[in-house]
Structure formats: C-alpha cells, structure tokens
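Notes for the one structure printed next.
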2 protein chains.
Amino acid sequence: MNANITMRDIAEKLGISTVTVSKALNGKDGVGEELRVKVKETAAQLGYRLNTIAKSMKEGCSYNIGVVIAERYTGAGHSFYMQFYQQLVQALEEYQYSGLLHVLHADDEASLVLPRIYNERKADGFILLGQLDKAYVHAFLGTGIPVTLLDFYTDQPVDSVVGDNFFGSYEMTNYLIAEGHRDIAFVGNIYSTSSIQDRYLGYCKSLLEHKLPLRPEYVLSDRDELGRFTEITLPVPLPTALVCNCDQVAYNLVVHLQKKGIQVPEQCSVTGFDNDLYSTLCEPKLTTMEVNMREMAETAVTMMIRKIKHNDETAGRVLVKAKPVYRNSVKPQNI
Amino acid sequence: MNANITMRDIAEKLGISTVTVSKALNGKDGVGEELRVKVKETAAQLGYRLNTIAKSMKEGCSYNIGVVIAERYTGAGHSFYMQFYQQLVQALEEYQYSGLLHVLHADDEASLVLPRIYNERKADGFILLGQLDKAYVHAFLGTGIPVTLLDFYTDQPVDSVVGDNFFGSYEMTNYLIAEGHRDIAFVGNIYSTSSIQDRYLGYCKSLLEHKLPLRPEYVLSDRDELGRFTEITLPVPLPTALVCNCDQVAYNLVVHLQKKGIQVPEQCSVTGFDNDLYSTLCEPKLTTMEVNMREMAETAVTMMIRKIKHNDETAGRVLVKAKPVYRNSVKPQNI
DNA sequence: CTGAAAGCGCTTACAG
DNA sequence: CTGAAAGCGCTTACAG
C-alpha cells in the first residue's frame, strides 16, 4: 500500500502548498471549504497518514504519557494495576494520547534511576501508579515534568487521585456496627501504604463515633514493609467481624478460616475492599467497597492533560467515591 | 532543573559543532577520545536528555511497537493478556523500544478500523496479542507494516509465536493415560481459537496413539464464538478425567463439580493449561501445562526488531515449549 | 483565502 | 579528527 505519503505529495498532486494541506487536514482557518474537501479526499485516496513524530518535533510534545508501576505490583496474582493501566490507556485514547508503561525495578527505585522514557523525552508527563518510595517521587518532582500520583499520595506537593479510602472504610465499619457487630478487627499493615492507612483510620473513626474501644490487638498486619503477604495472627477469642484492607487479603483470610473449620459469615463476618477479582472467588462472596477504577483513571488523565496544556494548574488531592457492594460475607450479629 | 538542553547547548559551551556532539554521544567514530569524554561530561553536567523525537524524525522510525489486544480479552478476570503485555514491555525495554497498547473494540475489529497509533505512524510494527478476526489480520497485512501474531496464528503468511499447544496437550493426555485413565473428555470450544483447536488435536493424537476411541460426546464446549463462557454440559456417566483447554475453565469446572457433590480428583480428574492464577485458586490445585509467557514475549519481540532492522527476514511460525506442572487434581485410575 | 520562509533537534553523507 | 550543509515532515507566524 502507501509507502510514505506526506503532505507534500498531496500538495503537489493538487498544485497547492503544504501549508494549505496542513490547515485543511487540521481543521484550521484559512482554507476555502471547497479546497479543504478536495484535500481531504486526496489524502484519503492516497492513503495519507499523519507523521505524528514530525508534528511532535515541531510542537515540542510527544503526545505520550509515561505510566510507572513498581515491579512488585505486577506479575501473576497482581492483576489490579495492570487493569488500571488498561483503563488509563483507554482514557488517554480519548485525548489522542498514548500510554508508555514503565515497570520500575526495585533497585532503580532505591537508587533513584528515572525511566528511560524520561531520559529520552518520550513522554510529556508521568502518572505514578501505586505507592512508590517518597524519595523516588521527589526525584521525579525535581525534574519539573508534570507528575500525577494515582492510587496513593504523600505529604509532598503533588497532584494525586485516590479512592475515598477513609470514608469507604468508615462506611463499611458503620455498616458492620449497624448489623450488630461490636468486636471488629482491622486487617492490614497500617505502615505499608497510604491507602491502607486511610482505610484503617476510617475504621477508627467509625469505632470512635460509636464509642467502641480502639484495641491495638485488633490491628492485624497482613504484609511486610515490602508488600509481601505474611501470615496473619488471629486474636483469641476471634472478633465477630474482620475489616480487611483489600479483597485479596479478605479472600485469603476466608479460605484460611474455613480450613480451620471456622464458618464465614456464621462465626465470623469478613469484608473486603476494591471489588476486584478476589471478591467473587470464595464462597461466601465478599461484601466489599468498590473503588471506581475507571473514574480514577479518567480523572488522573484529565488532570494530566490539563496540566500539560495549561501548565500552571494544580488540582491537588482528588478523591473518587467508593461504593458498597453487599454480598454474603457479613451476617447480622445478635447483641 | 534543566529546561531544554540540546546538543547545540553542549556544542556552544565547548566551542565545537553539534555534529561532533552527536558523534561523541552516540559512540560513533570520528571524535577524539579526549573530546568525547569532555562532551559526555558536559552533557551530564547540563542534564542533557536526548530528544528521541528529533532522532526518530531523522531516522524515520519511532522506536515504538504497537500491541493490539481485543477488548474481550481484557478486564476483570482476564489478567492473562495484560500480564503478557507487561512481559512484552519488559522485553522491548532491552532493545530501547517502548510498547504502545491498543485495546481493540469489537466494532473496530469487525469494520476493520486500524488503530489510531497506526494512522499516526506512532509504531514501527505491531504485535497482535490473542486471536483476532482473520479479516482484521488481513487488513494489517495489507498495510505492509511488520506484524507478528502472538499466542495465535492463522493460515495467512504471517510471523507468529505460539506455545506448543499441540504437544503440550498431547503430553498431558499421555500422562492421564499413563495414570490409568481411559474415559477422557476434552473441554473447550474447538472452533473458537487456534490454541484451543491445537490443544484438542494434541488430545486426539494421544487417544489415537493409544487406540482409544474419539468420542464426539466427549468434546465439551465451554464458550461461544465470541469467547464468552457458557454452561458446560457434562456427559453421563462422567468420564474419569477432563482435559480442559485452560486453567480458568478447569477452575470453573472444579468448583462446579464440587458444588454438585462430585469429588475432584477422587471421582473425576481435571487438568488445566497455562499455569496461570486460576490453577492455584481451587482445592485441589490444578495439574497443568505451563506456557512460558516470558520466553514467548521475548521471542516475539526479537523477531519483530529483527524484521524492522533487516526488513526482509521472515521467521514463520515459532513454537515455545510447554512444561507440565504436577499438582493434585489428577488421581491414578485403577483399571 | 493562499503560500514563502523559518525552524523544531537531530543525523547523515561529504568535504576539509 | 572536525564541521558546514542538507534534510526528515510538519506547523507557526507573517506577508500578500
């Protein structure tokens, strides 16, 4: 088919200048309507494809957004962030942008090595997807390139988009209390990520509001500092409900409890968070909080594009509402 | 930090030409060793970043590879291809290339609309990941751009990389027969994808070789033409073993059988294929065939880069070995 | 409404 | 070993 048709080819064929071709194809003023139609027809007929690279060079932007995901959040069993990535790509497509995935190795993160796509100016901005080391975020900020954090935030002055973890968890705990539960533990390493921390604090708020005690032995760590799952030590006696920081851990816990002969939800209610794959893999299926991944992706992309186009705007921390999904892992507790 | 340092800035600072800077930075001949070092130092000190776009324009290639995945293979519960994508990106990184994901909508596939990144010349070649409509593959071939199929193939003359589905399934069935099984059914829609078809034929070969009958009622469809899972109708009496075309279906089947009170593997052995997430979600965990996703990704990338650099080479159909993973979903059958 | 000129930042021959 | 010239394919003022 068409080897390398350029605007010049169209121009020559029509006996006009490339300037007019460019204007016609880009819908810009300064071309007669009749001529514009003719240009478009010729372009289609010749199989013309825009050379975005030439356009990019002239305009000084790549129409690409880098997306950085730590390697530890990828791989089998961790589909969450790759699915997020897919949503990002689809949101970027709306703006005619492309996503450039960078899988960040732990040693590069530790030694503050920025992605190759940064050093090669292949991206106009970066979305950092999933909690990264603060120093690494700082290194990015130092470059002056637009950065948006997605699904986490730090105390640094950066735009970020996160699910409403705090209120989501608060509502979930409220729900358990409304169902009659009083002995409610939280499952998650509260020093691990901002999301887990906020979910923990929402749980705390609910307990405080209902004058229930905050018991340290009711905070059950589920992973180490590096995010690797660890064995969960259950308190004795078992609480009547466990608020888990995510579906995957809730799923693991349900399986674990059932192996020990403890019935869920009859003897112990369990709630998740995320409404991902894991929430429907066990029986009973999990009552959980759905974070609207798509809306988060769209918000992050919109913010990023806006920053690039009008480079002064700062959106700050943006929360995306969570929505409860009621299934069968919670049973009313008779008081 | 550095706003927009170009080679010209380095050249001016050193009182030399940009040509020399370019040669020095790219490790090309024609620069004194001493000067080369000085150029590199200055570049680092100024925070110079190569403008790949300018380089691309000059050289006429983007250093991007498009990866097309049909939307039906994405989303929750379908992490397989997104994981594949991640492997591709990491393999591309070795060659200083980037991946550009395109999620193909069903209507674009049907009406043969090529991806925007094709029309904008943003990619030097395309990897088609996961079975697509033959007409769509044909549309791509018509453009003359390098194309490699990954995890499927057609009867068209295209390069492709696939797992060794035929022999993998053949070996798995051999194993069941060696364990004493004689009544073995195959689960999968054999008209749906080349992979399923080949896995079916491997199963057939094993039966033929052992002089076991090929029974039509032992071919159990698991999905419709569009790849959506359907209810599986089990034959009565139940075979002693079920060879499933993938782990996800094997997983679904195990859960389904257990709900009906049928014990796996005591009353019925089940095998999977892929060794993905689903193979370890049920109890018993699945005996399955692992396709080496990483090797497949690396092979596809290497083939693609080679095609772009020396544009005549054709690798044809490349098979990547599969490897059995023995777990607990198969029990010897006493004859 | 139309186009000649300049330039985005590189790299590739080619000349010295 | 070093550099002046040309060009990749666009787009943006600016002039007519």
Side-chain angles (χ1 to χ4, degrees), chain A residues 2-40 42-43 46-64 96 118-124 308-309, chain B residues 2-40 42-43 46-64 96 117-124 309:
Chain A
N2 49 81
N4 248 338
I5 306 299
T6 67
M7 286 191 180
R8 186 203 296 255
D9 295 314
I10 300 175
E12 277 175 5
K13 176 142 188 184
L14 256 35
I16 57 175
S17 78
T18 61
V19 176
T20 303
V21 174
S22 172
K23 284 179 191 159
L25 256 27
N26 287 304
K28 297 242 162 113
D29 281 348
V31 202
E33 206 40 52
E34 210 174 323
L35 184 52
R36 184 188 301 271
V37 170
K38 216 151 62 176
V39 168
K40 288 192 174 175
T42 311
L46 258 39
Y48 171 75
R49 291 186 292 154
L50 170 70
N51 188 321
T52 319
I53 287 174
K55 181 188 163 109
S56 286
M57 160 122 86
K58 179 65 185 150
E59 300 186 342
C61 56
S62 65
Y63 297 100
N64 292 143
Q96 322 264 72
Y118 168 76
N119 287 305
E120 295 186 350
R121 297 175 189 261
K122 281 187 97 167
D124 304 333
I308 289 170
K309 300 241 158 123
Chain B
N2 50 80
N4 248 340
I5 307 298
T6 68
M7 286 192 179
R8 186 203 295 255
D9 295 314
I10 300 174
E12 277 176 4
K13 176 142 188 183
L14 255 34
I16 56 174
S17 78
T18 60
V19 177
T20 303
V21 174
S22 172
K23 285 178 190 158
L25 257 24
N26 287 304
K28 299 243 161 115
D29 281 348
V31 201
E33 206 40 54
E34 210 175 323
L35 184 51
R36 184 189 300 272
V37 170
K38 217 152 60 177
V39 168
K40 288 192 173 174
T42 311
L46 258 38
Y48 172 75
R49 291 184 292 154
L50 171 69
N51 188 321
T52 319
I53 288 175
K55 181 189 164 107
S56 287
M57 161 120 88
K58 180 66 184 144
E59 300 186 345
C61 56
S62 65
Y63 296 99
N64 292 142
Q96 324 263 75
I117 44 177
Y118 168 75
N119 287 306
E120 296 186 350
R121 298 176 187 260
K122 282 188 97 168
D124 304 333
K309 300 241 158 120

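Please read all numbers here as calculations on a predicted model, not as lab measurements. In the text below, chain A, chain B and the rest are named by the order of the sequence lines, each starting its count at 1.
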### Task
List the steps, then state whether side chain to side chain contact (heavy atoms under 4.5 Å, CB included) holds for R121(A) with N4(B).
CA-CA 10 Å; R121(A) 297 175 189 261; N4(B) 248 340; 2.7 Å; yes

### Task
Could you list the residues that satisfy side chain to side chain donor-acceptor pair (under 3.5 Å) with E12(B), not counting sequence neighbours?
none

### Query
For DNA chain C, what dot-bracket results from Watson-Crick or G-U pairs at under 3.5 Å, with [ ] for crossers and | for inter-strand partners?
|||.||||||||.|||

#### Entry: With S62(A) via side chain to side chain donor-acceptor pair (under 3.5 Å) - residues at least two apart
D124(A)

### Task
Measure the shortest side-chain to side-chain distance between L35(A) and I16(A) over non-hydrogen atoms and say whether it is less than 4.5 angstrom.
yes

#### Entry: Partner set under side chain to side chain contact (heavy atoms under 4.5 Å, CB included) for K58(A), not counting sequence neighbours
none

### Task
Can you tell me which residue pairs pass the salt bridge (Lys or Arg N to Asp or Glu O under 4.0 Å) test with a partner in residues 15-30 of chain A, sequence neighbours excluded?
none

### Task
Mind listing the closest non-hydrogen atom pair of Y63(A) and K122(B) along with its distance?
O-NZ, 3.0 Å

### Message
N26(A): which residues meet the side chain to side chain donor-acceptor pair (under 3.5 Å) condition with it, sequence neighbours left out?
### Response
S22(A)

### Residues within residues 15-27 of chain B bordering DNA chain C, heavy-atom distance below 4.0 Å
V19(B), S22(B), N26(B)

#### Entry: E33(A): salt bridge (Lys or Arg N to Asp or Glu O under 4.0 Å) partners, not counting sequence neighbours
R36(A)

## Note on the structure
The first and last nucleotides of DNA chain D lying within contact of chain B, meaning any atom under 4.0 Å from one of its heavy atoms, run from dC1(D) to dG9(D)

### Query
With a 4.0 Å cut-off on heavy atoms, is M7(A) in touch with a base, just the backbone sugar-phosphate, or nothing at all?
sugar-phosphate

### Summary
Between K58(B) and D29(B), whichever has its closest DNA chain D nucleotide further toward 5' is D29(B)

### Query
For T20(A), which residues count as a side chain to side chain donor-acceptor pair (under 3.5 Å) partner, sequence neighbours excluded?
S17(A)

### Task
Could you tell me whether L35(B) contacts a base, only the sugar-phosphate backbone, or nothing, with contacts defined as non-hydrogen atoms closer than 4.0 Å?
sugar-phosphate

### Message
Counting the atoms with a prime plus P, OP1 and OP2 as sugar-phosphate, which does G30(B) contact under 4.0 Å by heavy atoms, base, sugar-phosphate, or nothing?
### Response
base

